[in-house]
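Below is one structure, written out as structure tokens; comments come after it.
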There are 2 protein chains.
Amino acid sequence: MSDEMPLARLFGIVLQHHYATLNERLRPFGLSAGQVPIMLRLAAGQNVTQEALARQFHVDKGAVARAARRLEEGGFIRREIDPIDRRAVRLFLTAEGERVVPEFVRFGREWEDAITAGLDADEQAMLRSLLDRVVGTCADARCCHE
Amino acid sequence: MSDEMPLARLFGIVLQHHYATLNERLRPFGLSAGQVPIMLRLAAGQNVTQEALARQFHVDKGAVARAARRLEEGGFIRREIDPIDRRAVRLFLTAEGERVVPEFVRFGREWEDAITAGLDADEQAMLRSLLDRVVGTCADARCCHE
DNA sequence: GGACAACTGTTGCGTCATCAACCTTTATCT
DNA sequence: AGATAAAGGTTGATGACGCAACAGTTGTCC
């Protein structure tokens, strides 16, 4: 199986599998995997700043900007300049966005289910817990966020 | 901490941390993280085919081709056409490659140590085991390799 | 109130990696 | 043997992401 596989490669393989799976399912929408986290976040509550998204998902603000642009071009979100702080852009789902986002949620959930199909509930919880802690360790290394 | 973080993002964060760390350390060599797995494999035994590397690390053959080219241009490996099967290219370390590869091994090990610093030995083993199984699951999904 | 710093967002460039198309070489099949 | 298929490798297009430089806006501090 894992004959001398660097730990980093394991992460890479899983991540690429995620991109491949999501990209395929999102192609009919003209979208790809990078836009999903934004949609998921908006499904849970709108009126969100790009900066808040970048911070929440530990993603570069440039990546958020590009993803938001594609979502807007596709007609899934609307962007409004915050009247109080005119630097900030606030994101909202359009009617079309509201309509499709449950499917995106399902895509994400199904991928997680598929990937952890060989693990029982305890092992899944253990995996997430260990990943959380590893992420915490490497997040501390560079920035010192919340 | 992980407030509604998609599982895939956890993998992405760790992987990006790996790239950032390795790229920084490899810059003095004119290399970057993508070339490391090849070097590590060659350190453990030379005369390897690009196709074998792609299969071992579950990486696209195109990625291996590019990484091998950069390593050759940097003078770290040598590429010889297999005289038996003239389609195949076999990779070897140069003297310079032999000289630096122990450092690359160290870079990789130090990153793994840093990332798992918050985990005890049992938890580290558990993490790798769970990752192996998840990777096995998603590897089965597309191909049906060894 | 005016100079300077800090923050949000955008864009260009680089890296990792995939896929698809192609070329060359080898294997297969009749 | 000749045609066809399959395999190893290369290249171009694309996606995700980070970093750095920049623009516009707001905050701070004399």
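Every chain is numbered from 1, with letters handed out A, B, ... down the list of sequences.
Of the possible donor and acceptor atoms, one in the side chain of B:Thr94 sits under 3.5 Å from a partner among the backbone N and O of B:Phe76.
Checked by atom type, the side-chain pair B:Thr21/B:Glu24 shows no donor-acceptor distance below 3.5 Å.
Scanning both residues, B:Gly34 and B:Ala67, for their nearest heavy atoms gives O-CB, 3.9 Å.
A salt bridge links B:Arg106 to B:Glu103: one of the charged nitrogens lies within less than 4.0 Å of a carboxylate oxygen. Salt-bridge annotation for A:Arg128 and A:Glu112: present, with a side-chain N of the basic residue lying under 4.0 Å from a carboxylate O of the acidic one.
DNA chain D is contacted by both B:Ala52 and B:Arg9; B:Ala52 maps to the nucleotide lying nearer its 5′ end (nearest heavy atom per residue).
Within 4.0 Å of A:Arg90, counting heavy atoms only, lies no atom of the nucleic acid at all. Among the heavy atoms of the strands, none lies under 4.0 Å from B:Ala67. Within the 4.0 angstrom heavy-atom criterion, only backbone atoms of the sugar-phosphate kind lie near A:Ala88; the bases stay farther away. If you check every strand for non-hydrogen atoms under 4.0 Å, A:Val59 touches sugar and phosphate atoms only. Counting non-hydrogen atoms under 4.0 angstrom, B:Ala68 reaches nothing in the nucleic acid. Within the nucleic acid shown, B:Arg70 comes within 4.0 Å of sugar-phosphate atoms alone, with no base atom in reach, counting heavy atoms only.
Listed by chain and residue number, nothing satisfies the salt bridge (charged side-chain N to carboxylate O under 4.0 Å, His left out) test with B:Arg86 (two or more places apart in sequence, or in another chain). Legend: residues meeting salt bridge (charged side-chain N to carboxylate O under 4.0 Å, His left out) with B:Arg70, ordered by chain and number and at least two apart, are absent.
Summarising the geometry, the separation between CG on A:Leu91 and P on C:dT8 is reported as 14 Å, rounded to the nearest angstrom. The distance between atom CD of B:Glu24 and atom P of C:dC16, rounded to the nearest whole Å, is 15 Å. With rounding to whole Å, A:Leu26 atom CG is found 18 Å from D:dT14 atom P. Atom-to-atom, CZ of A:Phe57 to C1' of D:dA16 comes out at 15 Å; the value is rounded to the nearest Å. Taking atom CZ of residue B:Arg55 and atom P of nucleotide D:dG9, one finds them 10 Å apart after rounding to whole Å. The interatomic distance linking B:Leu15 (CG) with D:dC17 (P) rounds to 11 Å, in whole Å. One atom, CG of B:Leu22, and another, C1' of D:dG18, lie 15 Å apart when rounded to the nearest Å. In this structure, the CG atom of A:Leu71 is 10 Å from the P atom of D:dA16, given to the nearest Å.
Using a 4.0 Å cutoff on non-hydrogen atoms, no part of residues 37-50 of chain B comes near DNA chain C.
Put simply, the side chain of A:Leu93 reaches to within 4.5 Å of the side chain of A:Met39, judged on heavy atoms.
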Can you give one letter per nucleotide of nucleotides 20-26 of chain C, 5' to 3': B if a protein heavy atom sits under 4.0 Å from the base, S if only from the sugar-phosphate, - if neither?
-> ----BBS
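Among the nucleotides D:dG8, C:dT15, D:dT11, the one closest to any side-chain atom of B:Ala65 is D:dT11. Considering only the side chain of A:Arg79, C:dT10 comes nearest among C:dT10, D:dG9, C:dG9.
A ring pair (Phe, Tyr, Trp, His ring centres under 6.0 Å) check over residues 24-52 of chain A, counting only residues at least two apart or in different chains, returns the pairs A:Phe29-A:Phe104. Sorted by first and then second residue, the pairs that involve residues 88-99 of chain A and meet salt bridge (Lys or Arg N to Asp or Glu O under 4.0 Å), not counting sequence neighbours, are A:Asp82-A:Arg90, A:Glu96-A:Arg99.
Between A:Tyr19 and the phosphate of D:dC17, there is a side-chain N or O to OP1/OP2 separation shorter than 4.0 Å. Phosphate contact (OP1/OP2 of D:dA16, side-chain N/O of A:Gln35, threshold under 4.0 Å): present.
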